[in-house]
A.B. asks: 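Provided herewith is a single structure, encoded as structure tokens, for subsequent inquiry.
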2 protein chains.
Amino acid sequence: MWHEVEPRCVHELDDTDLEILELLGEDARRPYSEIADQVGMSGPGVSDRVDRLREAGVIERFTVDLDRSQIRGGSPVLVQVSDGGESVERLQEDLSSADAVEHVFVTAAGDLTFIARPPEGSVREWLDDRLDLGTVTVDVTLLDEVNWTPSIGGTAFALACAECGNTVDSEGEQETIDGDRYHFCCSSCRSQFVERHDRIAEEA
Amino acid sequence: MWHEVEPRCVHELDDTDLEILELLGEDARRPYSEIADQVGMSGPGVSDRVDRLREAGVIERFTVDLDRSQIRGGSPVLVQVSDGGESVERLQEDLSSADAVEHVFVTAAGDLTFIARPPEGSVREWLDDRLDLGTVTVDVTLLDEVNWTPSIGGTAFALACAECGNTVDSEGEQETIDGDRYHFCCSSCRSQFVERHDRIAEEA
DNA sequence: CCTGAAAAATTACGTGA
DNA sequence: TCACGTAATTTTTCAGG
């Protein structure tokens, strides 16, 4: 039994959660005790939070960021598929399970774009094997660099300003409107947001 | 007691390395002792290999795969920038450090494509802030799904078939041609590869 | 959520092939 | 060079509060 702690909804991330996520983004094998020091908690406390974040689905998995060019020789290509009335879901599934595919994006219009490293020298064959180039049109672009930015600059996971989307740091401000708490990076964003909110409320 | 170990260059990944990477891709916080059991090594042995893989740059970092939609509300967009003679490097750097940007791709032609989650309702503003829409032309596509596949199906890091690029599992076959060792996922890929190789050799 | 003890993992180091 | 075994250290897990 511990002192009353107001139950924290798993869907609301507080600043500590964000800090933990950022630290894990930098090095997922960092000991929880080290994280605990930085966020001012105990090791078990951090462990509990991480468990909750996993269960809530915020953390999908701990993984490793590899230099794939050292594993799979091919150059990365960006492929845009203009759907020929095919089943997008099946295609997406096929692609996701194909080894050379690194990212799959589905557009709101139902088209597919993906990043892959097909085997060198037989890119066309490789594409044809999974796309049937006779029925769909593809646009293939050779890439020079593929960059994933989980936390570059150490701020990627920080709270987002409700107005401009930028990072909310310690200089930030908060405001509770209609029971919802919003974060802002600066006072001008806050006033702009509040102003628009009031205007909309007035019109309604 | 073990059999003679031939010296292994750090730039050549053997099957054990690949297996370790795959296991780490599934769960980067998995204990090394557990990995050791699966690959038939001791805990310290796995630790040594991982250290070497990090130093070699194959492992760039241990990190966490997050459900970003739970952290940063905006919908993901794919933005293709048709370069207006601008400095690609600077733009790329700016974008990489922007909080809402998740991936940046540089094409061989020097164009930029990136995935981001700009603040809802002010996508155009957000874009203009970092791209100067007056001088560059952009193509923005709303995305429905963003899928990163470090190891879906648990086979993404396995050896690639020299013919089709797919995973080589225990059913796979190998063949040494002209001193180079090739891996294949099945006998048909192997025969097809050998056949083509012979034909090319004959023509030369 | 914290403390503190038990269990488990990681690291360091010496040795063998 | 690479990997193993053992021991020292650190970290995680699991009580109890």
Side-chain angles (χ1 to χ4, degrees), chain A residues 1-56 58-67 70-71 157 159 181, chain B residues 1-66 157 159 181:
Chain A
M1 195 67 86
W2 56 88
H3 247 74
E4 46 258 65
V5 177
E6 50 198 343
R8 211 165 46 77
C9 172
V10 282
H11 289 111
E12 281 179 25
L13 307 179
D14 65 17
D15 293 12
T16 306
D17 287 322
L18 261 7
E19 231 175 308
I20 291 172
L21 290 177
E22 182 185 327
L23 259 8
L24 286 173
E26 286 171 10
D27 179 5
R29 276 193 90 89
R30 206 193 299 261
Y32 289 161
S33 48
E34 185 189 317
I35 297 174
D37 285 344
Q38 299 218 24
V39 303
M41 282 181 72
S42 68
V46 172
S47 179
D48 286 349
R49 289 226 183 195
V50 172
D51 286 346
R52 254 175 287 150
L53 288 168
R54 293 192 81 156
E55 276 171 36
V58 175
I59 293 177
E60 302 200 329
R61 86 230 287 184
F62 295 112
T63 188
V64 61
D65 189 14
L66 299 176
D67 181 353
Q70 292 198 40
I71 297 169
F157 299 148
L159 277 171
R181 190 138 190 90
Chain B
M1 190 92 60
W2 58 91
H3 254 72
E4 46 257 64
V5 182
E6 51 203 338
R8 208 165 47 77
C9 169
V10 283
H11 290 111
E12 281 178 26
L13 307 179
D14 65 16
D15 294 12
T16 307
D17 287 322
L18 260 8
E19 230 175 308
I20 291 173
L21 290 177
E22 180 184 327
L23 259 8
L24 286 173
E26 286 170 12
D27 179 5
R29 279 193 87 91
R30 203 192 300 259
Y32 290 161
S33 48
E34 185 189 316
I35 297 175
D37 285 344
Q38 299 219 23
V39 302
M41 281 181 72
S42 68
V46 173
S47 178
D48 286 348
R49 289 225 183 198
V50 172
D51 286 347
R52 255 175 283 144
L53 289 168
R54 293 192 82 156
E55 275 170 37
V58 176
I59 293 178
E60 304 200 328
R61 85 229 287 183
F62 296 111
T63 188
V64 62
D65 188 14
L66 300 175
F157 300 146
L159 276 173
R181 191 139 189 88

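Letters A, B, ... mirror the listed sequences (proteins, then strands); counts begin at 1. Note that the coordinates shown come from a computational prediction; the quantities given were computed from them, not determined experimentally.
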A.B. asks: Taking side chain to side chain contact (heavy atoms under 4.5 Å, CB included) as the test, write out the residues that go with A:Thr16, two or more places apart.
C.D. replies: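 Expected list: A:Asp14, A:Ile20, A:Val39, A:Met41, A:Arg49.
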
A.B. asks: I'd like to check the side chain to side chain donor-acceptor pair (under 3.5 Å) partners of B:Arg54; sequence neighbours left out, ordered by chain and number.
C.D. replies: none

A.B. asks: Hey, could you give me the CD/CD1 distance between B:Gln38 and B:Ile35, rounded to the nearest 0.5 Å?
C.D. replies: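 Rounded to the nearest 0.5 Å, the CD-CD1 separation comes to 8.5 Å.
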
A.B. asks: Within this structure, what is the CZ-CD1 distance for the pair B:Arg52 and B:Ile59, rounded to the nearest 0.5 Å?
C.D. replies: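 Interatomic distance, B:Arg52 CZ to B:Ile59 CD1, rounded to 0.5 Å: 11.5 Å.
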
A.B. asks: Just N and O in the side chain of B:Arg49: are any of them under 4.0 Å from OP1 or OP2 of D:dA3?
C.D. replies: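 The answer is yes; a side-chain N or O of B:Arg49 sits under 4.0 Å from OP1 or OP2.
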
A.B. asks: Look for any protein N or O under 3.5 Å of an N or O in nucleotides 10-12 of chain D and output each such pair with its distance, or none.
C.D. replies:
from	atom 1	to	atom 2	distance (Å)
D:dT12	OP1	A:Tyr32	N	3.1
D:dT12	OP1	B:Arg29	NH2	2.7
D:dT12	OP2	A:Tyr32	N	3.0
D:dT12	OP2	A:Ser33	N	3.4

A.B. asks: Taking only residues at least two apart or on different chains, which pairs with a member in residues 37-46 of chain B satisfy salt bridge (charged side-chain N to carboxylate O under 4.0 Å, His left out)?
C.D. replies: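 Sorted pair list comes back empty.
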
A.B. asks: So, do A:Thr63 and B:Thr63 sit near enough that their side-chain heavy atoms are less than 4.5 Å apart?
C.D. replies: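 A:Thr63 vs B:Thr63: side chains touch.
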
A.B. asks: Rounded to 10°, tell me the angle between the two end axes of the helix from C:dC1-D:dG17 to C:dA17-D:dT1, each built from five pairs.
C.D. replies: 30°

A.B. asks: Any chance you could measure A:Leu24, atom CG, to B:Asp65, atom CG, to the nearest 0.5 Å?
C.D. replies: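 Answer for the CG-CG pair, A:Leu24 versus B:Asp65, is 12.5 Å.
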
A.B. asks: Got a sec, which residues hit salt bridge (Lys or Arg N to Asp or Glu O under 4.0 Å) with A:Glu34, two or more places apart in sequence or on another chain?
C.D. replies: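 Testing A:Glu34 for salt bridge (Lys or Arg N to Asp or Glu O under 4.0 Å), a comparison that skips the adjacent residues, returns A:Arg30.
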
A.B. asks: In whole angstrom, what separates B:Asp37's CG from D:dA3's P?
C.D. replies: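 Rounded to whole Å, this separation is 16 Å.
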
A.B. asks: When the distance from CE of B:Met41 to P of D:dC2 is rounded to whole Å, what number comes out?
C.D. replies: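 Rounded to whole Å, this separation is 11 Å.
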
A.B. asks: Rounded to the nearest Å, what distance is computed from the CD1 atom of residue B:Ile35 to the P atom of nucleotide D:dA3?
C.D. replies: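 To the nearest whole Å, that distance equals 14 Å.
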
A.B. asks: Find the distance B:Asp17:CG to D:dA3:P and express it as a whole number of Å.
C.D. replies: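 In whole Å, D:dA3 P and B:Asp17 CG are 8 Å from each other.
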
